[in-house]
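Just so it is clear: chains get the letters A, B, ... in the order the sequence lines come, proteins before strands, and each one is counted from 1.
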Amino acid sequence: MLLRSAMERPVRCPRIPDPRRPFSSSVIDSVTTSIRPFPDYSPKKSSIRDSEFVDRVTTALKQRRSEPLRSVLSPFASRFRSDHLIWVLPHLRSDLALVVALLRWYRSRKNPIPTEAQAIAAHIAVASGHHGTARHLLYEGLASHKHFVEQVVYTYKYWCSDPSVFDLLFWAALESDRIDEAHNLFSHLVSYGNVVSVDVCNALLARLPVDEMLSVFVQFPVSGVRWNAKSYNIIIHGLCSVGKVGEAHRILLEMEAQASVSPDVVSYSTLIDGYCCVGESRKAMELFDDMSTKGLKPNSFTYNSIITLLCKNGKVVEAERVLLGMVNHGVAPDTVVYTTMINGFCKNGNLPAVDRLVGEMKKSGLVPDAVTYTALIYGLSRSGKMAEADQVFQEMLHKGLNPDEVTYTSLIDGYCKKGKMKDAFHLHNEMLQMGLIPNVVTYTALSDGLCKQGQVEAANELLHEMCAMGLELNLCTYNSLINGLCKSGNIDQAVRTMVDMEAAGISPDAYSYTTLMDAYCKAGEMDRAHGLLREMLDKGIQPSVVTFNVLMNGFCAARMLEDGKRLLGWMVEKNILPNTTTYNSLMKQYCIDKNMKATTEIYRGMCTQGVMPDENTYNILIRGHCRARNMKEACYFHGEMVKRGFHLRDSSYNALIKGLVRKKRLLEARKLFEEMRVAGLVADRDIYNIFIDLNYGQGNMELTLELCDEAVEKWLVESKTNETSKHGL
DNA sequence: TTAGGGTTAG
């Protein structure tokens with residue numbers, strides 16, 4: 001929430017204080033005139049009677065050191081007041097253990113310890129060098145006394161005079177999330193001409209939202225704090241984390257311009273990561289080169305940011321080249337770098353490469369951690385290999401690693417994508433039992449799974465439940481819901497959902513528009529789809545290659561091939577490279593029109609552009625050439641697709657077999673027919689008739705009968721089933 | 001003080 005408010009508010013870049021001239025003269029005047037010495041405190045005077053009592057208590061405590069404190073103090077307990085505690089403490093300053101025990105005894109009698117006594121005890125601990133105990137006492141003091149900071153300052157001069165007490169108090173305030181108390185202490189100290197160390201000031205900087213961080217960064221030097229490289233790095237990181245990478249870069253340049261603070265590997269790595277996160281790879285690489293010129297050696301953080309960016313852009317091979325580069329430069333990749341690479345290959349669906357990297361990683365003596373396992377589970381789930389994903393999940397548990405929300409969500413999403421909603425919800429319950437709280441990503445995966453099963457109402461209900469739990473729908477959730485509504489034919493409701501989404505303060509993106517455009521294209525409403533394209537362009541939303549593919553499909557289906565070709569040109573103009581799907585749509589339609597000349601032209605253009613044909617491309621080309629009776633070309637593409645490990649679809653088998661029979665190439669046709677049967681695909685009725693006649697003619701009665709049975713089962717039974725369903729029986 | 005994992009469209 002704080003971060004969000006920082007992102008929304010404009011962040012002003014601070015003016016860097018010049019350490020050579022830290023203060024302007026007016027500031028020096030105002031600081032020096034307001035400085036005063038620490039207060040002269042001394043405990044209030046006791047009466048003679050009280051003094052005698054305190055002496056007796058002190059003597060008993062010291063002389064009977066080995067006895068339980070409770071029994072030593074029991075004769076004094078009824079008279080012992082809070083003032084006595086304060087008067088006894090000076091006598092025990094050389095015995096911290098006794099001080100702590102006395103406080104514990106006093107508290108155990110249901111008496112609140114006075115603020116002054118708590119502060120004094122902390123001072124005694126610092127003065128005796130026991131910083132751990134001091135920290136504990138300071139935590140307690142902050143937690144139970146309203147004016148504890150003031151009291152520590154007030155009693156300082158008399159009891160301690162070791163300024164490290166203020167650093168410890170500052171730490172205690174930060175670690176118990178009392179930022180205001182830390183500020184309060186800072187102001188008090190400034191008024192006495194003192195400041196806490198730069199280390200604790202850095203800890204404060206790192207805990208502040210960006211705008212407050214910047215204001216502290218500018219204000220503290222006025223009081224005498226001298227920032228170091230770590231401070232500047234925290235600022236660079238803060239600015240990068242809210243996307244203000246340009247301003248972060250200015251800070252780095254200011255560091256370079258100064259004599260006292262120079263940017264180090266962390267400064268550069270942080271800024272490089274900032275540029276990588278906003279996708280500015282060129283700037284990131286420039287900085288990477290600058291580092292070497294300045295004699296700074298990139299570390300595994302630096303390399304990992306570059307590798308992450310390349311993987312995100314799908315350039316996994318290039319990313320692995322960077323990994324090899326780092327090894328050659330003597331930087332050993334760690335678990336994080338391997339996990340980044342593994343995740344890159346998982347996203348690419350390249351599971352053999354994932355296996356190879358896991359092997360390499362283990363060979364280097366690195367142990368996969370929970371994040372590595374989650375990436376592996378995600379990769380397997382994405383590829384639909386749920387049995388393997390579950391096996392890795394079990395291995396993770398066996399190794400004593402704790403799955404978290406991300407691990408469970410990866411598995412849940414995998415089951416949802418396979419339509420196994422029962423398994424997905426079982427895991428959802430399991431994570432609840434483990435004490436893990438499903439978040440909006442988990443619910444989006446479940447909701448998307450339900451939508452894809454046609455259960456949009458159930459998805460809606462689930463999301464209502466999610467909202468009742470205090471979670472809010474995000475962009476992905478809305479987009480998934482819009483998709484579910486479109487696919488179930490409720491385009492109007494999908495449009496209304498987009499309106500709701502905007503009302504909830506979430507702006508639609510390229511996904512939202514593309515989904516709706518696809519629905520309109522499939523409904524043949526090209527004008528509406530085009531209108532949406534104009535709307536998204538007006539809003540400055542960059543269409544993706546999928547947006548164009550959706551339109552391309554629409555144009556092709558509406559037989560508007562010229563518009564399709566124009567769209568292809570426009571894509572290139574807009575620097576959005578057409579992919580295999582784009583070309584496949586156009587080729588498919590030209591094939592339907594039996595225009596194999598245009599199809600071949602497009603196929604060649606695609607290859608020239610370096611776009612690789614996929615399984616769909618080959619199936620389209622084979623069917624097209626068969627329809628056009630170009631069996632030579634059809635067989636050539638069949639050979640090519642086999643070489644590349646792709647498979648024919650049933651319609652392509654049918655087309656090829658019929659074409660070959662037509663050309664009397666019966667041996668080849670028979671081979672394909674057998675292959676098709678083995679693959680469990682159904683051949684056309686005509687094809688069965690051809691091979692039944694052929695085998696009968698050749699006297700192969702056994703095979704003839706087998707084919708007759710198969711044909712009856714596949715064709716007659718099926719047509720009867722269709723008949724009954726047609727009549728609603 | 002800096003880096004890695006999960007949700008949406010063809």
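Counting to the nearest Å, the P atom of B:dT1 and the CG atom of A:Leu204 are 13 Å from each other. Here B:dT1 presents its C1' atom at 10 Å from CE of A:Met255, a figure rounded to the nearest Å. The interatomic distance linking A:Tyr338 (OH) with B:dG4 (C1') rounds to 14 Å, in whole Å. In this structure, CD1 of A:Ile576 is placed 17 Å from P of B:dG10, rounded to the nearest angstrom. A straight line from NZ of A:Lys347 to P of B:dT7 spans 7 Å, rounded to a whole angstrom. Distance CG (A:Leu532) to C1' (B:dA9): 13 Å, rounded to an integer number of Å. Between the CG atom of A:Asp509 and the P atom of B:dT7 there is a distance of 15 Å, given to the nearest Å. Here B:dG6 presents its C1' atom at 13 Å from CG of A:Leu427, a figure rounded to the nearest Å.
Between A:Trp227 and A:Phe217, the angle of the ring planes stays under 30°, which puts this pair in the parallel group of the 30/60° scheme.
Within the 3.5 Å criterion, the main-chain N or O of A:Ser512 finds a donor-acceptor partner in the side chain of A:Asp509. A donor-acceptor pair under 3.5 Å is formed between the side chain of A:Asn619 and the backbone N or O of A:Arg649.
Taking a 4.0 Å limit (strictly below) on heavy-atom distances, residues 372-386 of chain A reaches DNA chain B at A:Thr372, A:Thr374, A:Tyr378.
Residue A:Lys522 places none of its side-chain N or O atoms closer than 4.0 Å to OP1 or OP2 of B:dA9. Remark: A:Lys588 is not in phosphate contact with B:dG10, judged by side-chain N or O atoms under 4.0 Å from OP1 or OP2.
Counting non-hydrogen atoms under 4.0 angstrom, A:Ser267 reaches nothing in the nucleic acid.
Considering every non-hydrogen atom in both A:Val550 and A:Cys521, the closest pair reads O-SG, 3.7 Å.
You'll find the side chain of A:Leu366 reaches within 4.5 Å of the side chain of A:Tyr338, heavy atoms only.
Screening A:Glu430, A:His426, A:His428, A:Glu405 for a side-chain contact (heavy atoms from CB on, under 4.5 Å) involving A:Ile412 leaves a single residue, A:His428.
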